[in-house]
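A short write-up of the structure that comes next.
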Amino acid sequence: MQNVLEIVTWYKNNLRDLPWRSTNDPYKIWLSEIILQQTQVNQGLKYYYAFIEQYPDIQSLANADEQEVLKLWQGLGYYSRARNLLKTAKLVADKYHGIFPNSMEEILKLPGIGQYTASAILSFAYNLPYPALDGNVFRVISRLYNIRLPINEQKNRSVFLDILNEMIQGVDPAQFNNAMMELGAMVCKPDNPKCDICPVSTFCQAKELGCASQLPVKAAKAAKKKRYFNFFYIKYQDGFYLIKRNESDIWQNLFQLPMIETNTEVDISDVFTMLQEVVQLLWKELLVSGAHDLCYLNSKKHLLTHQEINARFFEINMKEKPTFKLENCIWVNADSKQNYPLPILIEKFLLSL
DNA sequence: AAGTCGGGGCC
DNA sequence: GGCCCAGACTT
């Protein structure tokens with residue numbers, strides 16, 4: 001295909017001199033690919049040098065301990081990459097005699113290596129014709145061929161791979177993959193693509209249609225759900241009740257004020273209904289379950305995740321006829337940036353009394 | 001299929 | 001402030 005030749009030729013004349021491009025040592029290729037997952041080249045470069053210096057080959061890495069590796073990884077983010085790096089080093093050292101496997105089937109079994117990284121290693125280290133489909137390549141292909149299928153939907157992946165498998169025929173696989181990513185990183189950028197210097201602008205359908213900036217398409221993420229946690233501060237004698245959360249949700253196993261969750265903001269007229277449910281919950285805990293999950297504060301820290309939690313507290317005095325007072329209700333809006341631990345939510349409420 | 005893991009660069 | 005980056009993994 002003509003556009004492939006243009007891209008590869010452009011790459012040969014304009015490539016950045018990056019250390020992992022002047023080797024086909026599978027260890028160095030693999031290391032660079034792990035470091036560069038979701039990481040820009042400029043950010044990953046110094047970590048690559050540090051790792052190569054500290055661990056010049058896979059055996060030396062396999063002998064390292066996890067804390068040492070994590071220390072070297074510090075600041076890069078996505079720390080499971082570092083843990084998987086060590087796991088794979090040990091695996092390759094032990095089960096593959098220190099030689100990186102060279103088949104798709106074997107390489108995909110290694111921790112931290114998915115479809116992209118497997119293809120990258122197989123092409124860069126062993127020159128096998130597997131197209132590497134990363135964020136750059138998704139963008140280049142979607143623009144070149146005006147493909148408006150969302151790139152974050154798994155079912156569309158094969159559309160891109162089919163095209164790439166055609167393109168990679170007859171050219172050097174390593175150069176092809178490098179060229180596509182380099183084009184995406186340096187020219188066909190997310191914002192302000194440099195179409196004026198692009199070697200394939202005359203082949204590009206997005207360029208022709210003037211819609212490059214709108215590609216690639218990503219399916220909208222589902223709207224964040226709001227959850228409404230209606231807490232009841234139920235006084236009894238000198239104390240009040242806490243009840244344990246289950247383990248399949250946020251704040252796993254933490255104790256909290258008895259609570260009814262709703263998916264909309266409750267009307268004050270619903271409070272009595274909720275209160276009846278809460279009292280049933282408490283009685284069930286007290287009488288049926290033997291109060292295993294009742295009644296004291298657990299200080300373990302579990303942080304709020306991405307969901308937006310709206311917490312409302314109702315003060316109930318069980319000595320009298322159950323009542324609530326509006327002036328004793330407070331709202332706590334905890335968003336993902338604030339990361340309120342549950343104990344702090346409860347504390348805020350108790351301090352406000 | 002959706003959620004999670006991060007720090008940095010860019011608009 | 002939102003999106004993106006040489007994605008993989010768990011639920």
Side-chain angles (χ1 to χ4, degrees), chain A residues 11 15-16 18-21 28-48 70 73-85 87-88 107-125 130-143 150-157 160-161 164 173-186 188-194 213-225 227 246-250 252 302-308 335-337 339:
Chain A
Y11 172 71
L15 61 87
R16 288 172 289 178
L18 302 173
W20 47 86
R21 283 179 171 167
K28 293 179 178 172
I29 301 291
W30 162 67
L31 174 64
S32 72
E33 290 303 335
I34 301 301
I35 288 176
L36 293 172
Q37 284 167 5
Q38 294 294 285
T39 304
Q40 298 190 355
V41 166
N42 286 336
Q43 192 192 358
L45 208 45
K46 50 187 176 292
Y47 288 86
Y48 175 81
L70 284 169
W73 199 269
Q74 196 172 66
L76 246 198
Y78 284 139
Y79 294 91
S80 64
R81 289 185 293 172
R83 291 187 285 271
N84 284 334
L85 191 75
K87 281 186 201 167
T88 289
I107 210 170
L108 276 176
K109 293 178 186 170
L110 299 171
I113 298 182
Q115 293 193 39
Y116 162 76
T117 303
S119 300
I121 296 172
L122 291 174
S123 63
F124 295 145
Y130 291 97
L133 181 49
D134 73 340
N136 289 309
V137 178
F138 267 121
R139 188 169 55 253
V140 170
I141 295 297
S142 70
R143 287 176 177 170
I151 62 171
N152 55 341
E153 289 179 0
Q154 192 64 25
K155 63 184 179 190
N156 295 329
R157 190 179 174 85
F160 290 83
L161 280 177
L164 288 165
Q175 259 183 6
F176 174 76
N177 283 337
N178 267 323
M180 291 295 286
M181 291 192 281
E182 188 80 347
L183 186 66
M186 304 305 287
C188 197
K189 302 196 288 187
D191 304 316
N192 304 328
K194 299 181 176 176
S213 62
Q214 300 159 27
L215 291 171
V217 172
K218 281 194 163 183
K221 283 179 276 184
K224 277 185 186 173
K225 280 186 190 167
R227 306 175 65 178
N246 63 39
E247 60 185 359
S248 60
D249 197 1
I250 63 167
Q252 295 179 5
H302 278 274
L303 300 184
L304 258 183
T305 55
H306 65 290
Q307 283 160 314
E308 191 175 335
D335 67 28
S336 60
K337 300 291 180 191
N339 285 335

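Order of the sequence lines fixes the chain letters, A, B, ..., with proteins taken first and strands second; residue numbering starts at 1 for each chain.
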- Flag the pair Trp20(A) / Tyr48(A) as yes when their ring centroid distance falls below 6.0 Å, and as no otherwise. yes

- Task: Tell me, please, which residues at least two apart from Tyr130(A) pass ring-ring contact (aromatic ring centres under 6.0 Å, His included).
- Result: none

- Query: Does the distance from a Lys or Arg side-chain N to an Asp or Glu carboxylate O, for Glu33(A) and Lys28(A), drop under 4.0 Å?
  - Reply: no

- Message: Would you say Arg139(A) places a side-chain N or O within less than 4.0 Å of OP1 or OP2 belonging to dC5(C)?
- Response: yes

- For Thr117(A), which contact category applies under a 4.0 Å heavy-atom criterion: base, sugar-phosphate, or nothing? sugar-phosphate

- Item | Comparing Gly112(A) and Pro216(A) on DNA chain C - which has the more 5′ nearest nucleotide | Pro216(A)

- Give every residue pair that meets the side-chain hydrogen bond (donor to acceptor under 3.5 Å, both in side chains) criterion with at least one member in residues 35-45 of chain A, sequence neighbours excluded. Gln37(A)-Thr117(A), Thr39(A)-Arg81(A)

Are any protein N/O atoms closer than 3.5 Å to N/O atoms in nucleotides 9-11 of chain B? If there are, list each pair with its distance.
none

- Whole angstrom is fine here: how far is it from CD in Gln37(A) over to P in dT4(B)? 20 Å

- Query: With a 4.0 Å cut-off on heavy atoms, is Lys189(A) in touch with a base, just the backbone sugar-phosphate, or nothing at all?
  - Reply: nothing

- Message: Considering every strand and a 4.0 Å limit on heavy-atom distances, what is the contact class for Trp20(A): base, sugar-phosphate, or nothing?
- Response: base

- Message: Are Ser142(A) and Phe160(A) packed together at the side-chain level, in the sense that at least one heavy-atom pair is separated by less than 4.5 angstrom?
- Response: yes

- dT11(C) and dG6(B), which share atom name P, separated by this distance in whole Å: 16 Å

- With sugar-phosphate meaning primed atoms plus P, OP1 and OP2, does Thr39(A) contact a base, only sugar-phosphate, or nothing at under 4.0 Å between heavy atoms? base

- Message: Rounding to an integer number of Å, can you tell me how far Ile34(A) CD1 sits from dG6(B) P?
- Response: 15 Å

- Protein-nucleotide distance (Leu110(A), atom CG; dC9(C), atom C1'), rounded to Å: 15 Å

- How many Å lie between CZ on Phe138(A) and C1' on dC5(C), as a whole number? 14 Å

- For Ala118(A), side chain to side chain contact (heavy atoms under 4.5 Å, CB included) partners two or more places apart: Met104(A), Ile107(A), Leu108(A), Ile113(A)

- Atom pair distance, as rounded to whole Å: CZ in Phe176(A) and C1' in dA6(C): 15 Å

- Could you state the CD-P distance from Gln154(A) to dG3(B), rounded to the nearest angstrom? 16 Å

- Ile35(A) CD1 to dG8(B) P, straight-line distance once rounded to whole Å: 15 Å

- Query: Distance between the P atoms of dG8(B) and dC9(C), in whole angstroms?
  - Reply: 24 Å

- Query: Can you name the ring-ring contact (aromatic ring centres under 6.0 Å, His included) partners of Tyr78(A), sequence neighbours left out?
  - Reply: none

- Gap in Å between the two P atoms, one belonging to dA6(C) and one to dC5(B), rounded: 22 Å

- Please tell me which of the listed nucleotides, dC5(B), dC9(C), dA6(C), lies nearest to the side chain of Asn84(A)? dC9(C)

- Give the rounded distance in Å between these two atoms: CG of Leu76(A) and P of dG7(C). 13 Å

- Item | Residues forming a side chain to side chain contact (heavy atoms under 4.5 Å, CB included) with Asn136(A), sequence neighbours excluded | Asp134(A), Arg139(A), Met181(A), Ala185(A)

